Amino acid sequence: MSELEDLRAELDRTRAILLEREQLLENTEQGIWHLDNTGLTVYVNTAMCRLLGRPPHDIMGRSVFEFFSGPDLSTLNEQLERRKKGSRQGYEISLLRPDGSRVDCFNNATPIYDSTGVKLGSVGMWTDLTQLKETQRELKAALADSVARRTDYEALLASFPGTIAVVDQGGRYLFVNQELANLLGRPAHDILGLSLRDILGPEQAEKMIDEFPRLSAGEVIVDTNEVLSGDGKTIISLQIHRVAGPNRADGQRYYSFGVDISDILKGRARSHFLNQMSHEIRTPMNAIIGLTQATLDTELTAQQQDYLGKVKFAGHALMELLDDVLDLGKIEAGKLEIETIPFNLHDTLDSTTGMLAGLSQKKGLSLQWSCTPEVPRQMLGDPKRLRQVLINLVSNALKFTEAGGIVIKVMLKSGSTDPLWLRFAVHDTGVGMTATQLADVFQPFMQAEASISRRFGGTGLGLSISRELVELMGGRIWAHSEPGKGSTFHFELPFKTLTSVRHAQDSVGSPVGRDRTELDDNTLASIQGARILLVEDNALNQLVAVNLLKRVGCLIEVAQHGQEALEWLARATFDCVLMDLQMPVMDGYEATARIRANPDWAALPVLALTASVMPEDRARALKAGVDSLIAKPVRAAEFYAALLRYLPGSRREAQDR
């Protein structure tokens with residue numbers, strides 16, 4: 001009796017162990033598939049049934065070959081032969097489900113034996129590779145996208161018409177572009193790894209290294225330096241230094257951008273230099289700003305949005321710097337002309353505050369304008385240059401103001417009749433200046449104090465150009481300031497009025513103004529479906545223009561040069577031509593002249609997208625027959641506004657309204 005009880009107890013223990021192991025097999029995430037020596041199914045767990053898409057009774061006792069097809073049958077047969085020889089091996093194979101779909105799996109297979117060494121078959125542990133394969137596809141796509149973006153950025157760096165360097169916190173070069181290598185007269189790979197002292201000399205290197213802590217704190221430093229080129233010539237370089245992204249585990253990185261301004265300061269070949277500088281910088285900057293905006297319109301992480309927003313801001317800052325340098329050169333060469341046209345003073349003040357509203361709001365500063373009652377709205381003068389002076393003065397005020405705000409006030413100078421003298425005042429609550437600092441504030445490339453200018457950025461050109469513009473318009477400019485109590489910049493200008501009507505009440509502008517260049521979707525809808533011929537040889541600038549046109553539903557064809565544009569016009573009908581001016585084979589000037597010489601195309605709108613913005617370039621383009629010029633970098637609002645003015649459908653809708 002005792003022996004029978006022992007047997008029953010042993011049976012219960014065995015059943016418990018079997019149940020425990022069955023539960024273990026049933027609850028594992030991997031599929032378990034046991035085959036006998038002939039390939040018939042002996043056991044499958046729940047996970048294996050899910051992989052096969054079948055219930056257990058539809059799998060048990062069936063041949064493993066029934067669940068595969070095509071090349072997978074050959075793979076399976078080969079692997080089973082290896083199991084017969086005792087081989088253990090993992091391999092990839094696809095299972096066939098009843099609905100015809102396939103599941104990519106990895107099978108880690110091994111033969112099994114009894115206690116005497118007799119082979120009982122094989123068992124495989126099956127893992128679903130679907131998610132892994134999808135992840136691999138996503139990674140490959142991301143890698144391909146990253147490679148494409150890297151190629152675009154490398155093209156932009158290669159075309160940048162200035163010097164670019166990246167150094168580590170020890171002052172060693174990590175990257176130099178070809179322009180800098182050419183300037184130094186040695187291959188780029190010979191410069192990498194060298195220190196600033198090796199290239200710039202001890203004094204200039206120490207000066208730059210001393211700036212690293214301020215750069216790490218987020219400051220942007222603008223300076224001018226003398227650089228000895230590889231051919232022994234000394235050039236004067238306008239340089240912008242800034243930190244290169246967030247701090248890294250292996251230390252900080254620092255950018256340095258440089259533009260040769262020797263010809264501007266020394267007065268050699270001024271006209272040619274200004275023209276070349278403008279064209280060569282505007283062409284790549286059009287791509288940089290345009291592609292950055294196109295990328296910002298896609299789905300991005302918050303960090304990517306932040307970085308690209310800063311790239312766009314830096315691009316516009318560089319273009320403002322270029323415009324300041326060009327204006328200074330034109331003023332000194334006597335080529336800057338002042339217009340006398342009708343304009344609305346309130347509109348000018350609104351557009352000024354509207355353009356700077358974003359920066360004032362970001363710093364938490366108020367920005368508003370006001371006119372006394374006797375100041376007329378309508379008058380004759382140069383609104384563009386007036387706006388430029390106001391923008392320079394307000395931008396300067398925003399730069400040096402951390403709390404409070406900026407106010408533009410306009411009043412009538414007492415006793416003035418014809419011309420009418422207006423006095424403008426731009427007051428800020430910023431850091432202020434001493435009398436010594438104030439004495440040099442309107443000098444080019446001079447700023448109130450080096451440490452302050454480096455903290456807040458800037459080149460010192462804006463105030464100098466403002467003085468020149470005010471004097472060209474027949475006025476005068478001066479400033480009052482006190483350290484810690486802010487500054488007020490005054491200027492007086494003469495205007496002729498269109499009417500003797502005076503407004504009876506004080507007019508106060510919006511605290512932030514508004515941007516009158518904004519266009520709503522309903523307005524832009526009239527452009528949809530327009531057939532546009534884009535004539536542009538630069539691939540990156542093609543991409544920018546095509547992106548802007550596609551956003552409003554235009555149909556686009558692209559020509560690489562003027563001759564190809566004429567061939568397109570001969571075989572297809574277009575509503576408008578967007579024409580670059582500087583191209584190989586046939587430039588935009590000649591192509592436009594030939595379009596105008598053909599009666600069939602005489603009324604076809606031709607808009608020039610050009611980096612050539614000098615007065616002589618504009619005059620030459622208009623003489624060739626261009627209807628309007630849009631300067632690069634292209635601003636979306638200006639671009640769409642030009643299309644609305646010249647596309648036939650848009651003109652018809654405007655007349656109907």
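Since we're looking at a predicted model, the values are computed, not measured.
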A side-chain contact here means heavy atoms from C-beta on lying under 4.5 Å apart; do [X] and [Y] qualify?
X	Y	result
S526	L644	yes
F67	I59	yes
F574	I532	no
I527	R551	no
L174	R253	yes
V558	V546	yes
R82	P111	no
Y646	V606	no

Looking at [Y], is its backbone amide N or carbonyl O close enough to the side chain of [X] to form a donor-acceptor pair, meaning the two atoms are under 3.5 Å apart?
X	Y	value
N45	I32	yes
N541	N538	no
R83	S87	yes
T135	Q131	yes
S63	L40	no
N177	G162	yes
Y43	M60	no
E536	D580	no
R172	G193	yes
D58	R54	no

Yes or no on side-chain contact (heavy atoms from CB on, under 4.5 Å) for N107 and Q30, after CA distance, side-chain angles and deciding distance?
-> CA-CA 10 Å; N107 181 23; Q30 278 72 37; over 6 Å; no

Derivation of the side chain to side chain donor-acceptor pair (under 3.5 Å) call for Q542 and Q560 = CA-CA 9 Å; Q542 286 178 9; Q560 303 294 328; 3.0 Å; yes

Could you walk me through whether T41 and R62 pass the side chain to side chain donor-acceptor pair (under 3.5 Å) check?
-> CA-CA 6 Å; T41 301; R62 296 178 62 179; over 6 Å; no

Less than 6.0 Å separating the ring centroids of F212 and Y254?
-> yes

Sorted by first residue and then second, give each ring pair (Phe, Tyr, Trp, His ring centres under 6.0 Å) pair with at least one member in residues 107-131; sequence neighbours left out.
-> W33-W126

Tell me, yes or no, whether the heavy-atom count around K119 atom NZ, taken from other residues, nucleotides or ligands under 6.0 Å, exceeds 12.
-> yes

Heavy atoms from other residues, nucleotides or ligands near CE of M586 exceed 12 (cutoff 6.0 Å) = yes

Going from [atom1] on [X] to [atom2] on [Y], what distance comes out if it is rounded to the nearest 0.5 angstrom?
X	Y	atom1	atom2	value
E138	K140	CD	NZ	12.5 Å
F106	T127	CZ	OG1	7.5 Å
L73	F65	CG	CZ	7.5 Å
L533	R531	CG	CZ	9.0 Å
D72	L95	CG	CG	8.5 Å
C105	Y91	SG	OH	10.0 Å

Any idea which heavy atoms bring [X] and [Y] closest together, and the distance?
X	Y	value
I112	S122	CG1-N, 4.0 Å
L76	F68	CD2-CD1, 3.4 Å
A559	W568	CB-CD1, 4.1 Å
A181	I191	CA-CD1, 4.1 Å
R97	R50	NH2-O, 3.1 Å
L643	C576	CD2-SG, 4.4 Å

Could you check S69 against R102 for side chain to side chain donor-acceptor pair (under 3.5 Å), going step by step and ending with a plain yes or no?
-> CA-CA 10 Å; S69 66; R102 295 176 180 275; 2.5 Å; yes

Given the rule in the side-chain contact (heavy atoms from CB on, under 4.5 Å) test, do M125 and T110 qualify, once you have shown the distances and angles that lead to the verdict?
-> CA-CA 9 Å; M125 180 174 287; T110 181; over 6 Å; no

Between the side chains of S74 and N77, is a donor N or O closer than 3.5 angstrom to an acceptor N or O?
-> no

Go through the steps to decide whether L80 and V64 satisfy the test side-chain contact (heavy atoms from CB on, under 4.5 Å), and finish with yes or no.
-> CA-CA 10 Å; L80 288 177; V64 67; 3.9 Å; yes

Does the pair V123 and L35 meet the rule for a side-chain contact (heavy atoms from CB on, under 4.5 Å), with working shown?
-> CA-CA 6 Å; V123 65; L35 305 175; over 6 Å; no

Using a strict cut-off of less than 4.0 Å between a Lys/Arg side-chain nitrogen and an Asp/Glu carboxylate oxygen, indicate whether E81 and K85 qualify as a salt bridge.
-> no

